[in-house]
Protein chains: 2
Amino acid sequence: MDVGEDQSMSFFVEANGQPGRGDDRQGFLANTGPHVQTPIQTQLQAQAQAAPRCLRCAVRNEGLCAALPAGELPELTAISRNRDVGAGEMVTIEGQDADAVFTLVSGMLKIYKTLPDGREQITGFATPGDVVGLAFGSCYVYTAEAVAPSTVCGMVRRGLHGLVDRKPRLQGRLLSMLSAELTAAQDQILMLGCKNATERVCTFLLALARRAPKDEQGRPVVFLPMKKLDMGGYLGLRPETISRVLRSLETKGLITRTRSAHIRIDDLDTFGDLAVAAE
Amino acid sequence: MDVGEDQSMSFFVEANGQPGRGDDRQGFLANTGPHVQTPIQTQLQAQAQAAPRCLRCAVRNEGLCAALPAGELPELTAISRNRDVGAGEMVTIEGQDADAVFTLVSGMLKIYKTLPDGREQITGFATPGDVVGLAFGSCYVYTAEAVAPSTVCGMVRRGLHGLVDRKPRLQGRLLSMLSAELTAAQDQILMLGCKNATERVCTFLLALARRAPKDEQGRPVVFLPMKKLDMGGYLGLRPETISRVLRSLETKGLITRTRSAHIRIDDLDTFGDLAVAAE
DNA sequence: CGCGATTTTGACATTGCTCAACGCAGGTGG
DNA sequence: CCACCTGCGTTGAGCAATGTCAAAATCGCG
């Protein structure tokens with residue numbers, strides 16, 4: 001993971017409902033048809049038409065999907081479906097019934113929790129391949145909202161539940177994802193608890209830089225599609241502060257703003273020092 | 001969980017070693033004798049003498065142990081061992097080989113991570129029943145240090161590994177513990193990112209108050225064995241600030257300091273408002 | 001080109017930190 | 001048994017970092 005991802009899991013400790021039984025809730029994907037206990041023929045038929053999508057998928061080797069060999073992909077295709085979301089649209093909403101689990105295919109989502117008085121704290125940004133919407137209880141524990149036009153692939157909770165039962169390998173994958181979450185959460189705690197504004201911004205950029213493309217001289221060029229307000233919401237800072245820090249880093253020659261929403265890191269070493277990276 | 005607990009897990013995604021094989025490392029408990037592949041007789045013998053400890057244990061119904069019925073407790077006893085630690089002693093050390101997993105039997109531990117320059121952030125306090133030292137990789141990802149004289153029960157990693165393989169029920173328990181962790185971590189993120197000093201202190205006291213004993217009028221009396229410095233390390237505040245906030249709460253009649261290190265919460269409602277509890 | 005939203009910049013306010021002094025308690029040694 | 005010492009907590013004064021508010025500049029988009 002990089003800058004925090006999704007936050008929690010589902011269908012393991014099913015809140016207080018049985019896995020089987022029960023009618024399909026009306027959530028997203030409810031019309032995909034029967035998935036878990038589908039009669040063999042119907043299932044195979046569905047797979048035949050469905051197979052290509054997961055196989056060709058941009059994030060086929062990320063997230064949950066990476067845990068399945070190509071031969072088993074059709075089963076995933078059968079319970080999943082793509083959906084486009086525009087910037088500002090929500091994929092999951094804190095407190096609502098967790099009907100589906102989503103893999104981000106393209107774009108970027110912000111993951112946040114809200115205090116009763118309206119203050120909100122962003123706990124992470126999801127990048128392609130990240131999984132969001134895993135919930136231990138019956139409700140989503142955070143809101144996931146697109147900050148750029150995005151595509152998500154939704155898997156019905158019940159369908160995924162059944163799939164996990166049949167493919168123990170998925171369970172291990174879920175576990176390591178959960179563990180990665182926890183690590184990310186703790187890094188954020190460390191950041192919010194100990195670091196000053198400059199250190200926070202550098203930590204954030206550095207995390208993004210790891211996955212970012214490099215220019216011809218090997219300098220990472222980070223893409224920041226989110227608003228300053230969201231960046232601040234993640235770092236525990238106000239947008240004005242972010243702006244000031246970036247200006248200061250630019251003045252010192254550590255970064256260059258190239259295209260809009262793109263920042264090139266010019267001095268990676270000094271940057272690492274400022275980020276006070278753990279080990 | 002209450003105020004954060006342990007932080008991560010082990011033996012699922014074993015870093016890059018196989019579960020079986022390999023000599024017992026020299027860590028704590030190495031002298032408990034063979035545990036996993038013990039010949040039946042030896043094992044039963046060990047159980048016979050060992051059984052009573054876990055059965056009588058103060059935290060028998062907490063943490064991992066709660067997942068095992070009384071009849072299976074001897075197996076737990078066989079791979080575990082109690083150890084007393086004085087205030088200031090460390091149970092796990094960030095970055096060191098994760099040889100064992102510990103259940104806190106009595107006392108209190110602080111869990112913290114350290115930045116390269118020495119700043120440290122406490123990510124939680126463990127109370128009896130909490131499990132610390134679960135590590136996904138081969139090393140502990142945090143330091144656990146006693147803040148009061150404590151007793152921990154250590155389980156050899158390999159022994160626990162084998163036990164989890166034999167008792168699938170333990171796996172579910174580990175999962176829900178991990179999920180509780182994550183929830184606690186996110187609450188802390190919310191706190192560090194959004195709340196001011198007073199709100200943080202109230203949030204903290206309120207979390208402790210849930211588990212705290214009540215006086216004859218039903219008011220919770222919270223025990224705070226840790227130093228102000230540690231409390232501050234958890235809340236992202238300096239000890240002077242904690243002191244000032246407590247003084248101010250006292251002046252307002254919201255709390256009363258009873259015995260040393262004990263605080264009674266007099267006005268739980270107002271307190272809850274100040275804590276800005278999620279939902 | 002022009003509108004609305006976002007970002008930037010500046011001036012100022014506030015919060016919590018720093019530093020220092022003092023007090024209190026527990027432990028130690030005479 | 002008492003004096004001292006050390007570490008922690010408390011309190012105060014001043015300060016630095018960041019938040020707040022407002023205005024100007026810029027961007028994205030039609």
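A note on names: the letters A, B, ... follow the listed sequences, proteins ahead of strands, and every chain is numbered from 1.
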Atom CG of A/Leu235 and atom C1' of D/dA17: how far apart are they, to the nearest Å? 16 Å
What pair of heavy atoms forms the shortest contact from B/Asp99 to B/Tyr140, and how long is it? N-OH, 3.4 Å
Under 4.0 Å: is that the gap between some side-chain N or O of A/Thr241 and OP1 or OP2 of D/dA17? no
A/Glu240 side chain: which of D/dT10, D/dG19, D/dA22 is closest? D/dA22
side-chain hydrogen bond (donor to acceptor under 3.5 Å, both in side chains) with B/Thr151: which of B/Thr103, B/Asp84, B/Asn82? B/Asp84
Establish, from distance only, whether the side-chain atoms of B/Arg264 and B/Thr256 form a donor-acceptor pair under 3.5 Å. yes
Distance, rounded to the nearest Å, where A/His262 contributes NE2 and D/dC27 contributes C1': 14 Å
What range of DNA chain C does chain A touch, first nucleotide to last, counting atoms under 4.0 Å from its heavy atoms? C/dT6 to C/dA11
B/Ser150 versus B/Glu89: any side-chain heavy-atom pair under 4.5 Å? no
Does B/Phe125 reach the side chain of B/Phe204, with side-chain heavy atoms less than 4.5 Å apart? yes
Indicate yes or no: at least one non-hydrogen side-chain atom of A/Leu192 is less than 4.5 angstrom from one of A/Arg200. yes
How close or far is atom P of D/dC27 from atom CG of A/Leu224, stated in whole angstroms? 16 Å
Quick check for you: among D/dT10, D/dG19, D/dA13, whose closest atom lies nearest to any side-chain atom of A/Leu237? D/dG19
Rounded to whole Å, CG of B/Leu246 lies from P of D/dT11 at a distance of 10 Å
How many Å lie between NZ on A/Lys227 and C1' on D/dG28, as a whole number? 13 Å
Could you tell me whether the phosphate oxygens of D/dG12, OP1 or OP2, come under 4.0 Å of any side-chain nitrogen or oxygen in B/Arg247? no
B/Lys228 side chain N/O closer than 4.0 Å to the phosphate oxygens (OP1, OP2) of D/dC8? no
Atom-pair distance (CZ on B/Arg238; P on D/dA16), nearest Å: 17 Å
Comparing B/Ile242 with A/Ala197, nearest DNA chain D nucleotide closer to 5' gives the residue B/Ile242
With a 4.0 Å cut-off on heavy atoms, is B/Arg200 in touch with a base, just the backbone sugar-phosphate, or nothing at all? nothing
At under 4.0 Å between heavy atoms, what does A/Arg259 touch on the DNA or RNA strands: base, sugar-phosphate, or nothing? nothing
Interatomic distance, A/Asn196 CG vs D/dA17 P [rounded to whole Å]: 9 Å
For a quick check of understanding: with a heavy-atom distance under 4.0 Å over all strands, which category does A/Gly232 fall into, base, sugar-phosphate or nothing? nothing
B/Ser179 side, atom OG; A/Leu134 side, atom CG - distance, nearest 0.5 Å: 11.0 Å
